[in-house]
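Working notes for the structure below.
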Amino acid sequence: DVQLVESGGGSVQSGGSLRLSCSVSGWTYFGSCMAWFRQAPGKEREGVASKVDGKSWTYYADSVKGRFTISQDNAKNTLYLQLTSLRPEDTAMYYCAAADFNPDSWNRIWGHFDSGYWGHGTQVTVS
């Protein structure tokens, strides 16, 4: 079974930093894409950052470009999201996700995860 378990969330002041981790098991990275999403109360889920395994392709929401960085350590089976210069509007539940990557849909990255695997989330609160 594929399992994704997030950790690293917490409460920080505006301008602070956090590093989220997603421990992945039962997943084959080759030909896949990984991502972080977030959902704030009363708002729709949004894609935050994504990367395609084996390629230098990364995708970021405009609201986090230059502040968040997605990375992956396949040896540790862990996906990371480094959050810096945090703002109150970054407050949300953050989820990691994994999915097969379709090169023909490279420009529709977030849609890949509609049929992917998801963790249960970790809460980030910025005050």
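In this chain, residues are counted from 1 in sequence order.
Residues passing the side chain to side chain contact (heavy atoms under 4.5 Å, CB included) test with N74, sequence neighbours excluded: Y29, D53, Q72.
Although no hydrogens or angles enter the test, the distance criterion places a donor-acceptor pair under 3.5 Å between the side chain of E6 and the main chain of H120.
Listed by first then second residue, pairs satisfying salt bridge (charged side-chain N to carboxylate O under 4.0 Å, His left out) with a partner in residues 56-70 read D62-K65, R67-D90, not counting sequence neighbours. Sequence neighbours left out, not one pair with a member in residues 18-30 passes salt bridge (charged side-chain N to carboxylate O under 4.0 Å, His left out). Pairs engaging residues 91-105 under the side chain to side chain donor-acceptor pair (under 3.5 Å) rule: R38-Y94, N102-S105, S105-R108 [sequence neighbours left out]. The salt bridge (charged side-chain N to carboxylate O under 4.0 Å, His left out) contacts involving residues 77-88 comprise nothing, where partners must be two or more places apart or lie in separate chains. Among residues at least two apart or in separate chains, ring pair (Phe, Tyr, Trp, His ring centres under 6.0 Å) pairs with a member in residues 35-62 are F37-W110, F37-F113, F37-W118, W57-F101.
Taking 4.5 Å as the limit, some side-chain heavy atom of S17 sits within range of a side-chain heavy atom of Q82. Under the 4.5 Å side-chain criterion, counting only non-hydrogen atoms from C-beta, L20 is in contact with V124.
Considering every non-hydrogen atom in both S14 and P88, the closest pair reads OG-CD, 3.9 Å. Here the closest non-hydrogen pair linking A40 and A92 is N-CB, 3.8 Å.
Counting non-hydrogen atoms of neighbouring residues, nucleotides and ligands closer than 6.0 angstrom, the CD atom of E89 exceeds 12 such neighbours. No more than 12 heavy-atom neighbours from other residues, nucleotides or ligands sit within 6.0 angstrom of OH on Y117.
Among the candidates V12, L81, T84, the single residue satisfying the side-chain contact (heavy atoms from CB on, under 4.5 Å) test with L18 is V12.
One hydrophobic cluster, built from ILVMFWY side chains closer than 4.5 Å, cannot hold both V52 and Y80; they sit in different ones. Neither I70 nor I109 shares a network with the other; the hydrophobic side chains, linked directly or stepwise wherever heavy atoms of I, L, V, M, F, W or Y lie under 4.5 Å apart, form separate groups for each.
For the atom pair C96 SG and L4 CG, the distance stands at 4.0 Å (nearest 0.5 Å). Expressed to the nearest 0.5 Å, how far OG1 of T78 lies from CE of M34 amounts to 9.5 Å. Remark: Q123 CD to S11 OG distance equals 7.5 Å, nearest 0.5 Å. Atom CG of L79 is separated from atom OG of S21 by 8.5 Å, given to the nearest 0.5 angstrom.
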